[in-house]
Amino acid sequence: MQNVKHHKGIQFLALLAIFFVLVVAIDPESGGNLWRFQENIFWLLPDALNNGLKYLINDFWVVDIYDAELDLTEESTMMKEFTRGLSGVVLFFITLIRELLLGGVKTIVIFTSWDFVSDNEWAYIPALPWTAVAAGAFLLGHYLGGVKLSVLAGLSMVYIALFGQWEPAMQTLSFVLVAVPLSVLIGLVIGILAYKNKTFELILTPLLNVAQSMPHFSYLIPVVVFFGIGDHAGAISTVIFATPPMIRLTILGLKKVAPEVLEAGKMSGCNPRQLMFNVLIPTARHDILIGVNQVIMQCLAMAVIASFIGTKGLGYDLLVALNRLNIGEALELGVSIVLIAVVLDKLSLAWANKQTDYFADLPFYLHYKYRLAFMAILIITSIIAYAVATFLPNVHNYFYIIDEAQGFTTQTFWDAFVDWLITATYQSVQSFNLFMITSVLVPMKETYLAMPVVATLFLVTGVGYLIGGIRSAIIVTAFIGFIALTPWWDRALITAYMVTFATLISVIIGCSMGALCSQNARATKIILLVCDTFQTFPSFIYLIPVIMLFGVSDLSVLIAVIVYATIPATRYTVEGLRNVPPSLQEAASMSGLNRMQRLRHVELPLAFPHILLGINQTIIFALFMVIIGAFIGTDDLGQLIMQSLSRSNGMGQGILLGLCVAFIGLAVDHLIHTWSNTQKKALGIA
């Protein structure tokens with residue numbers, strides 16, 4: 001094994017030597033296609049894709065549509081009618097849930113008219129009092145996870161209400177309550193079909209890989225063209241983004257069902273439908289519910305990004321606050337988003353892990369005690385809110401909904417604190433900022449931009465061959481070669497430089513911290529809790545403190561990326577080291593190794609394949625966060641994607657840019673997974 005490693009090491013050094021020779025030998029001025037691929041057919045793809053999609057929207061399958069209100073017939077296309085109908089259905093459900101939470105008349109107007117609502121004062125959907133919703137959160141938390149979860153869920157709702165964020169929070173929640181069921185249903189159906197049809201699964205797998213590697217913004221661009229802007233467009237883009245993990249976990253859960261369970265179902269006389277819904281899905285319940293948890297978190301992450309196309313809620317308010325550099329307001333909104341994310345994450349995980357007692361024979365009032373308690377609280381709080389509104393009409397009804405103007409606020413404190421912090425740390429921060437940009441980031445960026453395309457492809461091909469043979473070489477060269485043939489090679493190199501820098505720092509911090517914490521059970525528990533908490537934060541939240549301290553620069557983005565991407569490196573290192581068999585640890589100790597020697601010579605080599613997977617996730621996290629960081633100013637692929645979002649003919653460019661980002665992630669993912677599997681086989685743990 002050592003000889004093989006030594007042989008691979010020599011080959012890699014030779015590969016690097018040839019790469020550097022090519023870098024020096026190829027002149028940017030006269031290198032031609034050796035330096036950068038010149039204009040080719042790939043440069044026409046954005047316009048071709050635009051034209052094809054415009055034809056699909058405006059000219060394909062033209063039909064006559066009768067408008068009853070205007071009493072006329074007009075031409076339209078089936079695509080427009082489909083998107084219009086789907087938008088209407090999605091918007092109806094968002095509006096319905098939003099009005100149940102906040103009150104309103106639009107849902108009634110859909111079935112009647114504005115004249116009917118104007119003539120009948122009673123035609124109004126009253127909002128649920130915030131006190132009832134908060135009490136419901138307390139009860140739901142207690143039912144799913146006990147006292148601790150009850151306090152977390154309930155106090156989070158109380159905080160959101162008292163700080164005047166109730167309306168945008170309920171707007172976000174209504175958005176999530178529509179997107180999540182749609183994503184779960186679509187993911188469950190597609191997952192079942194893929195489980196039953198292996199050919200369909202083989203076709204679906206690469207599509208899921210690409211979908212899960214595409215940056216958030218890329219999903220918004222085609223949705224804007226097909227569905228316009230607004231809450232419905234945000235919900236549809238969120239469903240598309242959040243469905244892949246549900247599909248994967250559904251397939252995984254169904255495949256994990258033991259053959260004995262299937263045989264027992266067949267022997268009991270189940271037909272295929274009964275076998276699926278009465279045996280397979282209940283048995284795979286845990287994995288499917290973990291998929292629901294992932295969908296919820298993806299929807300919340302996308303809820304902030306979807307504010308770019310007009311989705312109302314906390315994300316939209318946060319975007320406005322950041323644009324105005326109102327850091328105090330942004331912090332309060334950020335805390336509200338984080339609380340909703342943490343609560344929904346904990347509730348969904350508790351639901352997935354909750355064991356159902358199918359044999360309990362309880363009386364009616366005990367069996368439905370939580371529902372009865374909520375109904376009683378709803379009635380009581382509604383009576384109190386109605387009484388206050390009736391007898392004290394000129395007093396703000398704090399039992400009903402607390403507006404932003406009536407709620408508590410700490411914006412002044414945070415703004416003053418930020419001003420003090422910037423003043424107190426200005427010189428040191430600016431010195432650090434100047435040093436990092438001029439001495440580290442700019443030279444590293446220029447080094448990447450000095451890489452000729454042929455030399456880079458040679459290096460990528462060689463690394464692929466050394467890690468996984470000819471198959472891996474072809475795959476990664478195809479991914480990176482596609483990017484090289486587009487007009488955005490330099491932007492891709494800038495993206496690669498930022499991801500490389502952030503990944504190196506994140507891996508050093510994460511692996512070091514994980515290795516240290518894994519040596520102590522209490523430290524392990526604490527660090528995993530910290531990772532769980534930080535991983536529930538929507539990625540956009542990480543931009544708030546860096547804007548506050550470092551302003552708008554590449555360094556700001558990279559600091560946010562490092563904080564975000566350190567999480568998987570830490571988690572996987574801890575889990576990899578904690579999963580080393582105790583018998584091997586004891587054998588190493590009995591051989592005379594001290595703790596550090598045992599860590600270096602036994603535990604780290606055995607945990608290395610698992611740590612590699614953590615490094616893979618770190619790179620993917622860094623790549624996604626770099627693209628999101630375009631919001632505060634970078635000149636990488638993310639900036640071009642954001643520009644495509646605001647251009648009328650930017651759909652083709654935006655989709656292809658998203659594919660470029662996805663291909664970077666997929667190339668790295670393939671190499672690391674192949675390397676990890678090779679290491680597992682070498683260690684005999686595959």
- Message: Quick check on Phe116: does its CZ atom have over 12 non-hydrogen neighbours (other residues, nucleotides or ligands) under 6.0 Å away?
- Response: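 It does: Phe116 CZ has more than 12 such atoms within range.
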- Message: More than 12 heavy atoms of other residues, nucleotides or ligands under 6.0 Å from CD1 of Ile229: yes or no?
- Response: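 No.
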- Partners passing ring-ring contact (aromatic ring centres under 6.0 Å, His included) against Tyr159 (at least two apart in sequence or in another chain):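 Testing Tyr159 for ring-ring contact (aromatic ring centres under 6.0 Å, His included), a comparison that skips the adjacent residues, returns Phe163.
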Looking at every heavy atom in both [X] and [Y], which two are closest together, and how far apart are they?
X: Val210; Y: Leu659; answer: CG1-CD2, 3.7 Å
X: Ile221; Y: Gly654; answer: CD1-CA, 3.4 Å
X: Gly638; Y: Ala630; answer: C-CB, 3.4 Å
X: Ile97; Y: Val178; answer: CD1-CG2, 3.7 Å
X: Phe537; Y: Val338; answer: CE1-CG1, 3.0 Å
X: Pro129; Y: Ala385; answer: CG-CB, 4.5 Å

- Item | salt_bridge(Lys54, Asp59) N-O dist < 4.0 Å |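 No.
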- Item | With Ser307, the side-chain contact (heavy atoms from CB on, under 4.5 Å) member among Leu318, Thr172, Leu319, Leu314 |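 Of the listed residues Leu318, Thr172, Leu319, Leu314, the side-chain contact (heavy atoms from CB on, under 4.5 Å) partner of Ser307 is Leu319.
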- Only one of Val105, Leu101, Thr95, Thr107 passes side-chain contact (heavy atoms from CB on, under 4.5 Å) with Ile125; say which it is.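 Output: one option passes, namely Thr107.
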- How about His216 and Phe241: are their ring centres within less than 6.0 Å of each other?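 Aromatic pair counts; centres sit under 6.0 Å.
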- Ring centres under 6.0 angstrom apart (Phe138, Phe374):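 They do not qualify: ring centres at least 6.0 Å apart.
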Would a 4.5 Å heavy-atom cut-off, applied to side chains only, mark [X] and [Y] as touching?
X: Leu49; Y: Met651; answer: no
X: Ile641; Y: Ser218; answer: yes
X: Ile305; Y: Thr311; answer: no
X: Ile110; Y: Phe92; answer: yes
X: Leu249; Y: Ile288; answer: no
X: Ile655; Y: Leu53; answer: yes

- Task: For the residue pair Gln294 and Arg248, confirm or rule out a side-chain donor-acceptor distance under 3.5 Å.
- Result: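 Note: Gln294 and Arg248 side chains miss the donor-acceptor criterion.
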- Item | No-hydrogen, no-angle side-chain donor-acceptor test under 3.5 Å, Gln165 and Ser336 |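 The criterion, which ignores hydrogens and geometry beyond distance, is not satisfied for Ser336 and Gln165.
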- Task: I would like to know whether Asp231 and Arg98 meet salt bridge (Lys or Arg N to Asp or Glu O under 4.0 Å); could you show each step before the answer?
- Result: CA-CA 11 Å; Asp231 290 306; Arg98 190 166 290 174; 2.9 Å; yes
- Message: Using 0.5 Å steps for rounding, measure from the CG atom of Asn50 to the CD atom of Gln653.
- Response: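 Between Asn50 CG and Gln653 CD, I get 9.0 Å after rounding to 0.5 Å.
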